Amino acid sequence: MLQDYPNTQLFIDGEWRDSVSKETLEIINPATEEVIGKLSHARKEDLDIALNAADKAFQDWKNVSAYERSKVLRKAADLVRERADYIAKLMTMEQGKPLVEAKMETLGAADSIDWYAEEGRRAYGRIIPSRAQGIYQFVFKEAVGVVAAFTPWNFPLNQVVKKVAAAFAAGCTAIVKGPEETPASVAELIKAFDEAGMPKGSLNLVFGIPAEISEYLIPHPIVRKVTFTGSTAVGKQLAALAGAHMKRVTMELGGHSPAIVCGDADVDVAVKILSANKFRNAGQVCISPTRFLIHDSVYEQFLDGFIKKAEEVKIGNGLEEGVKMGPLAHDRRLTAIEEFVADAVEKGAKIHTGGKRYGNKGYFFEPTVMTDVSNDSRIMNEEPFGPLAPISSFSSMDEVIEEANRLDYGLAAYAYTKSAKTAQELGSGIESGQVSINHHGLGLVDTPFGGVKDSGYGSEGGPEGLDAYMTIKLVSQTGL
Ligand code: NAD
């Protein structure tokens, strides 16, 4: 076992502790397939302690002024920043992404905490003029209550911080069911909040069997808000359970982003930006460009450029200098990606580069470029979540907008054009939570991030991300 990767315990009621049952899970480094650590595994007894602690802490934290809450959050942000090198290294060891990406994510987490520290101070209500004299109508925003947050392994810190920084700024307390594959970096984030002065019990971190935990927490009367990031299939189950118990939800689910390159686009810029973002985090990004739709007139130029970029990607252990793409995060993804490729090839796809596992140790998969991919291939319909780029051509705007909107997903879309008219047409015509034109500008904490259709419900980031943790109360009164 490596010395510098810690075992991870549960954090419940202000203490790091083993689960009541003492059960543990193994953590595997996806670049080496070695077991690097152990993770404590929660059962219902642990969840009960966390629920009661979060409920008790909420009664106090909701009454702490937004100003005082912001001071605690700012301190947590500073601690994350100070420890960024260490946290990033843990993330690379457990998740696989290159160290540079892990460090950016860690610094981004600190930035998100700072942003919500400030935004929480501006959660203004309003006064509405009354129809009758002498009546005052006040609208207050109040913290929702205890939050159950379920977060995945692809961005271990980012997925947690967007939820808990907003929840804490709003005055909520939380139980986070963290990602079992990547727990140590998440634990460091929680440690920073704790050391910054979050009250005992206000933040609890558990791991275990995801379905067992969600089925217990979501219906529980103490939990008032459910937030989940993960696949559409699981999101629908959790949203249904939350609906049956009338819990508020935010659902950040899967995507299948069209990337459209028009005939008048700067093709070199499109190739550079789209290839970098396709292979970032080995394609395990919900807003990864996924269906490449290229105008006939620039198709060959784009394809040649993209293949070249894919072949240049340096694959390896994310801890090594210069590595641009690490392994897939776990063995399930390797199998899934192999199946996507085999299915596409069986239905007539041509592989231009990549298409297979890289090496025989670690869950590496080659950056893959495919053409002639039939629309009934699985990859053209299901979220691939891997380094696969199916590239096809189009000839008219109507055709490309129809293809962009063909699926039930609607998370992100990308387009490249020099025409303001075309940009406007795509911006309004594509059914998506966000559309990025001539650049890749999505997902900062200042701006709302969320999907439409099967990609989810609600937003993280921006003032909308704070509102997700607040309820509205109208108080109307007269002097007597
Ligand atoms: P998965 O669907 O089993 O798990 C995805 C995430 O959801 C994991 O973090 C998991 O712990 C959690 N989860 C699963 N079942 C749950 C349940 N019943 N209750 C609570 N949480 C639950 O799949 P996976 O193999 O880990 O990932 C595969 C797919 O998940 C990908 O193809 C992708 O579509 C999706 N995914 C999406 C995101 C995202 O950012 N939107 C992140 C990770 C995974």
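This one's a predicted model, so the numbers in the text were calculated from it and none came from an experiment. Every number for a ligand or one of its atoms is a count from 1 in the order of the listing. FYI, side chains are in, hydrogens and waters are out, and symmetry mates aren't considered; it's all heavy atoms of this structure.
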(message) Using heavy-atom distances only, which candidate in Phe228, Phe207, Phe150 approaches atom 7 (O) of ligand 1 most closely?
(response) Phe228
(request) Please work out which of Val234, Ile218, Leu328 has its closest non-hydrogen atom nearest to atom 15 (N) of ligand 1. (result) Val234
If the cut-off is 4.0 Å to any non-hydrogen atom of [X], which atoms of ligand 1 fall inside it?
X: Arg332; result: 24 (P), 25 (O), 26 (O)
X: Ser214; result: 17 (C), 18 (N), 19 (N), 20 (C)
X: Glu180; result: 11 (O)
X: Thr151; result: 9 (O)
X: Gln159; result: 40 (O)
X: Thr229; result: 39 (C), 40 (O), 41 (N)
X: Leu253; result: 41 (N)
X: Leu238; result: 19 (N), 20 (C)

[atom] touched by protein heavy atom at under 4.0 Å:
atom: atom 19 (N) of ligand 1; result: yes
atom: atom 4 (O) of ligand 1; result: no
atom: atom 23 (O) of ligand 1; result: no

Out of [options], which one pairs with [X] under the side-chain contact (heavy atoms from CB on, under 4.5 Å) rule?
X: Phe155; options: Thr151, Asn158, Leu157; result: Asn158
X: Val80; options: Asp111, Ile113, Leu107; result: Ile113
X: Phe150; options: Val234, Val176, Leu217; result: Leu217

(message) For a quick test of reading the model, state the closest non-hydrogen atom pair linking Phe449 to Gly443 and the distance between them.
(response) CD1-CA, 3.9 Å
(request) Would you check if Pro152 and Pro179 make a side-chain contact, meaning some heavy-atom pair closer than 4.5 Å? (result) no
(message) With heavy-atom distances below 4.5 Å as the criterion, would you say the side chains of Thr471 and Arg248 are in contact?
(response) yes
What's the shortest distance from [atom] to any protein heavy atom, and which residue and atom give it?
atom: atom 33 (C) of ligand 1; value: Glu383 OE1, 3.2 Å
atom: atom 9 (O) of ligand 1; value: Pro152 CA, 3.2 Å
atom: atom 2 (O) of ligand 1; value: Ser231 OG, 3.0 Å
atom: atom 11 (O) of ligand 1; value: Lys177 NZ, 3.3 Å
atom: atom 38 (C) of ligand 1; value: Phe385 CZ, 3.5 Å
atom: atom 28 (C) of ligand 1; value: Arg333 NH1, 3.2 Å
atom: atom 27 (O) of ligand 1; value: Trp153 CZ2, 3.5 Å

Is it true that [X] and [Y] have ring centroids separated by less than 6.0 Å?
X: Tyr414; Y: His440; answer: yes
X: Tyr116; Y: Phe168; answer: no
X: Trp153; Y: Phe385; answer: yes

(request) Would you mind checking if Glu212 and Arg43 are paired as a salt bridge, meaning a charged N to carboxylate O distance below 4.0 Å? (result) yes
(request) Would you mind telling me which of Glu94, Glu34, Lys89 makes a side-chain hydrogen bond (donor to acceptor under 3.5 Å, both in side chains) with Tyr5? (result) Glu94
So is [X] touching ligand 1 or not, going by heavy atoms under 4.0 Å?
X: Glu382; result: no
X: Val285; result: no
X: Glu215; result: no
X: Gln284; result: no

(request) Please state whether the rings of Phe302 and Phe292 are parallel, tilted or perpendicular, taking 30° and 60° as the class boundaries. (result) tilted
(message) If you count heavy atoms of other groups shown closer than 6.0 angstrom to NZ of Lys324, is the number above 12?
(response) no
(message) So for atom CD, which belongs to Glu45, do other residues, nucleotides or ligands contribute more than 12 heavy atoms lying within a distance under 6.0 Å?
(response) yes
(request) Answer side chain, backbone, both or neither: which part of Phe155 comes under 4.0 Å from ligand 1, heavy atoms only. (result) neither
(request) Determine whether the side chain, the backbone, both or neither of Thr232 has a heavy atom under 4.0 Å from any heavy atom of ligand 1. (result) neither
(request) Verify side-chain contact (heavy atoms from CB on, under 4.5 Å) between Asp376 and Lys347, making sure each step is shown before the conclusion. (result) CA-CA 8 Å; Asp376 66 354; Lys347 292 179 175 132; 3.6 Å; yes
